[in-house]
Peer 1: 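Structure incoming, see below.
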Amino acid sequence: MRLMAKKTGKPYPVKHYVNIMLFTLFTALILDFIISDASISIVKQQSTRYLKDTADLYINRINHDFAYINHYMGWTLANDEIVKNMNKYDTHSTEFLKSNTQLHQRFTELQKNYGQEYNFFFYLKKKDFFLNCSPLSIQYPDYLDLKKQVMSYAEDKNVYEKFYSDWTPVLVKDKYYIINIVPYHDSYLICLISADDLIRPLRAINLGENGSASLMNENRESISTPIGVSEKELQLNTSKPALLSFVQSQTTVSRQFSNASFRVQMVIRFGTFEKIMVAQLLIILLALFIAFILCVVMIYFNKRVLRPIQTFSDNLTQLNEDNENLDFQSSKIIELEQANLQVKDLIEQIRRFKIDIYERELDKQRIQLDYMKLQIKPHFFLNCLTNIYSMAQMQMYEEIEHMTLSTSRYFRYIFQNGQDFVRLKDEIDHVRIYLDIQQHRYRNAFAYTIEENVDTEDISIPPLVLQTFIENAVKYAVSRVNQVQISLSVCRLIDKDAEMVMIKISDSGPGFPAHILDQLTHGHPLDQSDGTHIGIMNTLQRLELLYRRKAEIRFHNREEGGACVTICLPFHPLESL
């Protein structure tokens, strides 16, 4: 693709202008990389300082909570009348149960203030009574194991020195908990919190990609459950320096709890993603400088390249929409100028090709419709001649006159009708004439009823559609044994927000044969090799061509006997083909 220079007329390829843009962008990116490297170091220092301050705040809050809970449990054991009553009365007495309920209510309120993760238990050594005095947040097997451990601790004479005012990790069912036991004579109050629950607030902090927060015991072993594979690897390799400090730099922050034998350790690990996010902020600072250069380049690029391409694209869009008002302006791009000329020639060829196909399709459909009409007309004409001939043999002269007059009216309607659509009223009158003709032949073998509404008289339908199905009803339903009832009804209806006319033709004869009904129901063509079913198949094809699949015909046998054909046509038919 080439551009024509305005002054010299010398063509330049688009690649030339793209290279200029790439060189400008590459220079800006190098500068951005240098600034980003310095900025990332600053951001890491600030983030580390922020996380250290956060850890200190968290440690101070936990230390305050631990101290208050420890003091509250000690005061309750030494001074509260509730505990004294429980030591005084039997465990099954009303006073004991009442005091136990009061103790449970008090520590439930304490639990609400400090969190549901704190669990409180009360143990009376002499009465061998151990029970939680607040709602539990641990599993029942853990509760049983904890009960055994607390009872064993109570047997230790040094329990006061080991546990009072000292929060200690204990292992319960392969899971670490932080426990504080406050003894007073033979009474004990125990506070328990899961190590995972205690560390959870710090784990909610963004410590960078693959960062971690955990609780460590005095042996520098993790007592909190690692989250994912990455945290396990960090805990195993916290002492190993990263090979690529820029990509996998990390900072370890460790803080000790007061009155506790464990500490918090946070590993702040800045991954590549964090660096990219920080670098994006710096790119904004360079946006003004880069935007100025890009504006100059893009203004020139838009004038020489984008506008001609847009014009060419608009022409292609209008071509797809069959718009004849195409604007082929001259372009400074050699390739586009050549493409414009080729598109002009292509448009003319497509138009001529479309017109030729359209005219051929119209001729084909007209020939097919005329052929179908010719197939239908001789079909009934031969039947009429046969009826008149039979009457003449029986010297039925009055009937011959009436038959001849009705036949004349019948064929006058056919031969005068060269349209694809006629009024429904005229078509029904034509059917009535046909049925009168057949009654001359069959006498009292059948009777017919026609129900029509005034608001359906001016509806347009294809000619000879009703006559085809009425003729089949007479041919296959009428017999000399029982009188057959033939019915024709017309009504208007609304189907899927479209106004339709529904025409129902039924008889009380034997109905459709099973194999014929199956083929009609599934839309399969009927066998016409022996000269039968021509009228039905031609009528179906005419409706398909004239209404373009908007017409619907349903065939079925009535429960009380006889065949029924329901025809649904659009109230306003399409233009004739």
Side-chain angles (χ1 to χ4, degrees), residues 48 51-52 54-63 65-66 69 111 114-121 132 134-150 152-153 162-163 166-181 190-240 242 248 250-271 273-274:
T48 303
L51 293 174
K52 287 181 179 180
T54 302
D56 290 335
L57 290 174
Y58 175 75
I59 295 297
N60 292 335
R61 183 179 70 84
I62 297 300
N63 287 335
D65 293 346
F66 281 176
I69 292 173
Q111 187 187 57
Y114 290 91
Q116 297 294 326
E117 59 271 14
Y118 285 91
N119 299 271
F120 297 93
F121 305 89
N132 60 296
S134 67
L136 286 175
S137 63
I138 65 174
Q139 300 294 328
Y140 187 73
D142 295 349
Y143 166 81
L144 296 179
D145 189 78
L146 173 68
K147 179 179 179 180
K148 294 179 180 178
Q149 291 194 37
V150 171
S152 65
Y153 294 151
K162 289 183 178 180
F163 293 100
D166 188 15
W167 294 76
T168 307
V170 293
L171 186 62
V172 179
K173 292 290 184 180
D174 299 326
K175 184 177 181 180
Y176 278 97
Y177 290 85
I178 309 302
I179 191 171
N180 179 241
I181 302 176
I190 302 99
C191 180
L192 183 77
I193 182 173
S194 169
D196 294 338
D197 291 335
L198 190 63
I199 198 63
R200 184 174 290 113
L202 287 183
R203 284 180 170 175
I205 301 174
N206 182 12
L207 300 176
E209 185 179 5
N210 298 325
S212 68
S214 57
L215 295 178
M216 311 295 289
N217 58 16
E218 295 177 341
N219 298 326
R220 304 189 65 82
E221 297 175 347
S222 175
I223 60 175
S224 57
T225 305
I227 302 177
V229 179
S230 58
E231 185 173 340
K232 295 179 181 178
E233 294 176 352
L234 281 175
Q235 293 180 359
L236 294 175
N237 300 290
T238 52
S239 61
K240 297 180 180 179
Q248 297 181 344
Q250 69 180 42
T251 302
T252 302
V253 177
S254 182
R255 291 291 185 270
Q256 177 71 40
F257 290 92
S258 59
N259 298 325
S261 59
F262 58 94
R263 63 175 54 239
V264 169
Q265 178 174 286
M266 293 190 300
V267 178
I268 310 167
R269 193 165 188 174
F270 296 93
F273 178 76
E274 285 76 11

Peer 1: Measuring only between side-chain heavy atoms, which start at C-beta, is Y177 closer than 4.5 Å to L146?
Peer 2: no

Peer 1: Are any side-chain N or O atoms of N63 and backbone N or O atoms of S258, one a donor and one an acceptor, separated by less than 3.5 Å?
Peer 2: yes

Peer 1: Does a side-chain heavy-atom distance below 4.5 Å link F121 with V150?
Peer 2: no

Peer 1: With sequence neighbours excluded, tell me which residues meet side-chain hydrogen bond (donor to acceptor under 3.5 Å, both in side chains) with T54.
Peer 2: none

Peer 1: Give the minimum heavy-atom separation between C191 and I69, together with the two atoms involved.
Peer 2: SG-CG2, 3.9 Å

Peer 1: Residues two or more places apart in sequence or in another chain: which of them pass side-chain contact (heavy atoms from CB on, under 4.5 Å) with Q256?
Peer 2: R263

Peer 1: Not counting sequence neighbours, which residues clear side-chain hydrogen bond (donor to acceptor under 3.5 Å, both in side chains) with R220? List them please.
Peer 2: none

Peer 1: Please enumerate all residues that pass ring pair (Phe, Tyr, Trp, His ring centres under 6.0 Å) together with F66, with sequence neighbours excluded.
Peer 2: W167

Peer 1: side-chain contact (heavy atoms from CB on, under 4.5 Å) with D197: which residues, sequence neighbours excluded?
Peer 2: E117, I193, S194, R200

Peer 1: Report the residues that fulfil side-chain hydrogen bond (donor to acceptor under 3.5 Å, both in side chains) with D56, sequence neighbours left out, ordered by chain and then residue number.
Peer 2: R255

Peer 1: Just one of L192, V170, I223, T168 clears the side-chain contact (heavy atoms from CB on, under 4.5 Å) bar with I178, so which one?
Peer 2: I223

Peer 1: With sequence neighbours excluded, tell me which residues meet ring pair (Phe, Tyr, Trp, His ring centres under 6.0 Å) with F120.
Peer 2: F107

Peer 1: Return yes if some donor-acceptor pair links the side-chain N/O of Q111 with the main-chain N/O of L136 below 3.5 Å, else return no.
Peer 2: no

Peer 1: Apply salt bridge (charged side-chain N to carboxylate O under 4.0 Å, His left out) to D196 and list each qualifying residue two or more places apart in sequence or on a separate chain.
Peer 2: none

Peer 1: Which distance, rounded to the nearest 0.5 Å, do you find between the CE of M216 and the CZ of F262?
Peer 2: 13.0 Å

Peer 1: Quick one: CD on E218 to OG on S261, what's the gap to the nearest 0.5 Å?
Peer 2: 5.0 Å

Peer 1: Would the number of heavy atoms belonging to other residues, nucleotides or ligands and lying under 6.0 Å from CD of Q139 be above 12?
Peer 2: no

Peer 1: What residues, two or more places apart in sequence or in another chain, satisfy side-chain contact (heavy atoms from CB on, under 4.5 Å) together with K173?
Peer 2: P141, D142, D145

Peer 1: Go through the structure and list residues passing ring pair (Phe, Tyr, Trp, His ring centres under 6.0 Å) with Y176, not counting sequence neighbours.
Peer 2: none

Peer 1: Do the side chains of R203 and S224 get nearer than 4.5 Å, heavy atoms only?
Peer 2: yes

Peer 1: With sequence neighbours excluded, what pairs up with N219 under the side-chain contact (heavy atoms from CB on, under 4.5 Å) test?
Peer 2: N217, E221

Peer 1: Between L215 and V264, does a side chain to side chain contact (heavy atoms under 4.5 Å, CB included) hold up when you go through it step by step?
Peer 2: CA-CA 5 Å; L215 295 178; V264 169; 3.5 Å; yes

Peer 1: For D65, enumerate each residue passing the side-chain hydrogen bond (donor to acceptor under 3.5 Å, both in side chains) test, keeping only those at least two apart in sequence or located in another chain.
Peer 2: R61

